[in-house]
Amino acid sequence: YDTLSPLYDFINTKHFNYEKQERIAKDITDDESTLIELGCGSGILLSRLQDTRRNLIGFDLNRGMIERANYRTNDNVSLVLADIRMLPCSKINADGCLILGRVFSKMLSDKDARNTLDGVSRNLSSGSNVVFNTFRRDDLVDNMTKDQAWENNNFKVVRESSTDVK
């Protein structure tokens, strides 16, 4: 993605519904809340939220993406170069987390997904909301047994159709 970063916006503005993602962010937290976006890419969603939000934190694995996000965002946005499967252990106490686009579907194993969700859990306040989508739903959760395996004290699986969320 470092090499792709100059073309990322052109490619993804046709595939992702950023208006819908913005509405999701507003549904799960208020404007005074701290919101984390994992896999923030070039910061398109963060830049759309930055004028009405005070505390936004974007994480991405690729330096090129972080540089592009830094260019388009203001002081309300903190950007962190990090692998979301190994989030820093510091307690951010965020009020919500978004993992949208194709980010979660790039998890190569259950261990990757669990490490990511464990890191999210460490950095959220109690009662916070996490929204993620995946394009390979059958690979992630295909029955109630897998749903129960994902649940713990911090997460509850809620099944909703997201075919119109990109």
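A quick note: this is a predicted structure, and the numbers were derived from the prediction, not measured. Because only heavy atoms are used, hydrogens play no part in the values below, and waters and symmetry mates are left out as well, while side chains stay in.
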Under 3.5 Å: donor-acceptor pair, side chain of N62, backbone of G64: no
Spatial distance of atom CG (L49) from atom OH (Y18) [nearest 0.5 Å]: 12.0 Å
CG-CG distance between N76 and D31, expressed to the nearest 0.5 angstrom: 10.5 Å
Least distance between heavy atoms, N55 atom then E32 atom: ND2-O, 3.8 Å
Any donor-acceptor N/O pair, D83 side chain to L61 backbone, under 3.5 Å: no
R68, E67, R72 screened by side-chain hydrogen bond (donor to acceptor under 3.5 Å, both in side chains) with S42, the one that passes: R72
Test item: I57 and T34 side chains (from C-beta on) under 4.5 Å apart, heavy atoms: yes
same_hphob_cluster(M86, I99) at 4.5 Å side-chain heavy-atom cutoff: no
For the student: nearest non-hydrogen atoms of L108 and D112, plus distance: N-OD2, 3.2 Å
Q50 to N74 - nearest heavy-atom pair and separation: OE1-N, 2.6 Å
Rounded distance [0.5 Å steps], CG in D51 versus CZ in R48: 11.5 Å
Separation of T116 OG1 from L38 CG (nearest 0.5 Å): 7.5 Å
Verdict with reasoning, R85 to M107, per side-chain contact (heavy atoms from CB on, under 4.5 Å): CA-CA 9 Å; R85 296 168 299 180; M107 298 292 154; 3.9 Å; yes
Side-chain touch L79/L46, heavy atoms, less than 4.5 angstrom: yes
Heavy-atom closest contact (T73 atom, A69 atom, distance): OG1-O, 2.8 Å
Evaluation steps, side-chain contact (heavy atoms from CB on, under 4.5 Å), between L98 and L35: CA-CA 8 Å; L98 299 175; L35 179 67; 4.1 Å; yes
Donor-acceptor pair, side chain of N93 and main chain of S125, under 3.5 angstrom: no
Within 6.0 angstrom of R23 CZ, more than 12 heavy atoms from elsewhere: yes
Side chain to side chain, N129 and D27, heavy atoms closer than 4.5 Å: no
Heavy-atom pair of closest approach, residues R53 and D30: NH1-O, 3.2 Å
Min side-chain heavy-atom separation V80-L87 under 4.5 Å: no
Exercise: identify the closest heavy-atom pair between I66 and G58: CD1-O, 4.5 Å
Check: F132 and V103 side chains under 4.5 Å, non-hydrogen atoms: no
Verdict with supporting geometry, S121 and D118, side-chain hydrogen bond (donor to acceptor under 3.5 Å, both in side chains): CA-CA 5 Å; S121 177; D118 285 345; over 6 Å; no
Verdict with reasoning, L45 to E22, per side-chain contact (heavy atoms from CB on, under 4.5 Å): CA-CA 7 Å; L45 180 58; E22 190 175 351; 4.3 Å; yes
